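Inspection log for the structure reproduced underneath, given as structure tokens.
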Amino acid sequence: MADGVKLENGLASKVDVKAARFGANRDALAVLMAALAKQESEIRLGGGAKAAEAQRAKGRLTVRERLKLLLDDGLELMELGLWAAHGMYEEYGGAPAAGVVTGLGRVFGRLCMIIANDATVKAGAFFPMTAKKVIRAQTIALENRIPTLYLVDSAGVFLPLQEDVFPDQDDFGRVFRNNAVMSSLGVPQMTAIMGMCVAGGAYLPVMTDTVLMTEGSGLFLAGPSLVQAAIGQKTGAEELGGASMHAEISGTVDFKEPNDEACIVRLRSLVGKIGERISGVGSQVSGVRSQVSGEVFSRVPFDAAKDAPKFAAEDLYGLIDPDPARAATNTYDMREVIARIVDCSEFDEYKAEFGRTVLCGYARIGGRAVGIVANQKVHQQQTALDGTKRMEVGGVIYTESAQKAARFIMDCNQALVPLVFLHDVNGFMVGKDAEWSGIIRAGAKMVSAVSTSVVPKITVIVGGSFGAGHYAMCGKAYDPRFVFAWPTARYAVMSGASAATTLVEVRVKQLERSGKKLDDAEKKAIFDEIKATYDAQADPRYGAARLWVDAIIDPAKTREVLMTALEACALNTEVPKFNPGVLQT
């Protein structure tokens, strides 16, 4: 042991927080974040004050009131999918948050996935995006083996859109399939029925481990009106499928409770009695590698004050210009971001002098070991194979960068180190030099390594995430356990300016072939129209509405969010054997 020799892995910061550009970026981001916060507050109102009062008039709490009682005192839900269905279904009055709240929260100290219907939004009916949001929450719970709690208060499928909710692989039926698969893998699931639970949706609670139900709620495959229409039988809702009937006669529910408050107290008590699986059968390794018992991935004791980053998280506000027109040319050292999210600002950088437009290295976040793959936005000087020097554009993946990242990802899988990807990527380098260097081969190697990776992967879209660069940096299609985005994120095939430039050329040629000549003002008008459309679709709110992004997060809370996500990932001790398959060499 080399006593007295200090490892030099501390990151330094060169950010000038007094610089005009830093201040302008910070102020612009503050405006954007305030606008986002206002919109998020409106989304959290669900169906609005009138609908909330109607819910209370039935003797029931609103979904947010239920969550406040369910979660441990003083702790908030790390909400996922808040922006789901944003700007969609306007012809039906909209569906804020897709009519369901999902997220990670602590109940009796246990990290749980919570899926709670919002009955103020169309009586909690399932829109197409509602089903997809619930399935996404279940997928996260399934991949990470997170105990899952369902607070059910739903009228079932939103009938005007039934063809988009009912039949497909990622539609309503998948929810029940997931219930069964989660149960088979030992993921605890509990359901509290605190309102209506009808039609196909009635299967959800009964397919979970434990069912609670409040008086005045209803659980039936068909309501009284439909029963009369189908078989001519007249019966009241309570007699047909009330809490007393299911508790005393059908035996379907395990706990009958008088009201929401009592039901939630009971649910908390039951969650507090869930045991913990120390290691999984069939794991690649047991938990012996961790210095904290019971975890597969390396974790050391953590002190929140002593192990905090050495630099203020709020400095992250000044790094990126949130204006899409300027963000593409924005340069900053991604090490400044890493220094503000990792323990003690310590980062063991891998192949630091090679493939410099992608940063790779090891660190800890909340005591848990991680491998970080991040796009470097500062332009880099690289020595070519012939000995000449070339300048490489920040945010672009070159051949050497892809080769380095692929090998690093493989090393992390071999050593069982979870991966965190920090995106601000324009794509892969193009042109003759790039093709001659084997950029396609190197890119395929990186994509293959990401695809076959078996350790948990978490993606944070900091800035741009364009084209094939998005794929290589573990985009949604590559099964990251979580996808988070800063308000400065841009998520598309290419930037609005690049797309507009290309498409204007195509449209102008089409018009000219038909005999129409355009002046500069007309060309600019076409450019502005196309760019506006692309910029709107690249906005993180657009992606979050479609569940491409799990949450839009405050940059200063990135570390906090990652700590929670890594804790969730560590709950799954099953790690498949790493088999990278055939790699291009």
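Just so we're clear, the structure is a prediction, and the values are computed from it rather than from any experiment.
- Lys273 meets the salt bridge (Lys or Arg N to Asp or Glu O under 4.0 Å) test with no other residue; sequence neighbours excluded.
- Note: Tyr89 and Phe127 meet the aromatic proximity criterion, with ring centroids under 6.0 Å apart.
- Heavy-atom minimum distance, Val187 versus Asp209: O-OD2, 3.9 Å.
- Between the side chains of Asn179 and Tyr150, a donor-acceptor pair is found at a separation under 3.5 Å.
- Residues passing the side-chain hydrogen bond (donor to acceptor under 3.5 Å, both in side chains) test with Asp153 are Gln55, Arg66, sequence neighbours excluded.
- The side-chain contact (heavy atoms from CB on, under 4.5 Å) search around Met196 returns Arg60, Val198, Phe220, not counting sequence neighbours.
- Remark: Gln233 pairs with Val227, Ile231, Thr235 by the side-chain contact (heavy atoms from CB on, under 4.5 Å) rule, at least two apart or across chains.
- The side-chain contact (heavy atoms from CB on, under 4.5 Å) search around Glu65 returns Arg56, Leu61, Thr62, not counting sequence neighbours.
- Salt-bridge check for Lys68 with Glu76: failed, with every basic side-chain N at 4.0 Å or more from each acidic carboxylate O.
- Under the 4.0 Å criterion applied to side-chain N and carboxylate O atoms, Asp315 and Arg340 are assigned as salt-bridge partners.
- One finds no salt bridge joining Glu314 and Arg26 here, because no Lys/Arg side-chain nitrogen approaches an Asp/Glu carboxylate oxygen to under 4.0 Å.
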Give every donor-acceptor pair under 3.5 Å between a side-chain atom in residues 93-116 and any protein atom, sequence neighbours left out.
residue, atom, partner, partner atom, Å
Thr102, OG1, Leu80, O, 2.7
Arg106, NH1, Gly109, O, 3.4
Arg106, NH1, Glu567, OE2, 3.1
Arg106, NH2, Glu567, OE1, 2.3
Arg106, NH2, Glu567, OE2, 3.0
Arg110, NH1, Ile274, O, 2.9
Arg110, NH1, Gly275, O, 3.2

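- In this structure a side-chain-to-backbone donor-acceptor pair under 3.5 Å is present from Lys476 to Leu547.
- With sequence neighbours excluded, the residues satisfying ring-ring contact (aromatic ring centres under 6.0 Å, His included) with His86 are Trp83.
- Ring-plane geometry between Tyr491 and His470 is classed as tilted, the angle between the planes lying from 30 to 60 degrees on a 0 to 90 degree scale.
- Residues meeting the salt bridge (Lys or Arg N to Asp or Glu O under 4.0 Å) test with Asp321, sequence neighbours left out: Arg326.
- Contacts of Met245 classified as side-chain contact (heavy atoms from CB on, under 4.5 Å), with partners at least two apart in sequence or in another chain: Ile249, Ser250.
- For residues 178-191, the set of pairs meeting the salt bridge (charged side-chain N to carboxylate O under 4.0 Å, His left out) definition, not counting sequence neighbours, is empty.
- Counting only residues at least two apart or on different chains, the salt bridge (charged side-chain N to carboxylate O under 4.0 Å, His left out) pairs with a member in residues 128-147 are Lys132-Asp170, Lys132-Asp171, Arg136-Asp550.
- Residues satisfying the salt bridge (Lys or Arg N to Asp or Glu O under 4.0 Å) test with Arg174, not counting sequence neighbours, are none.
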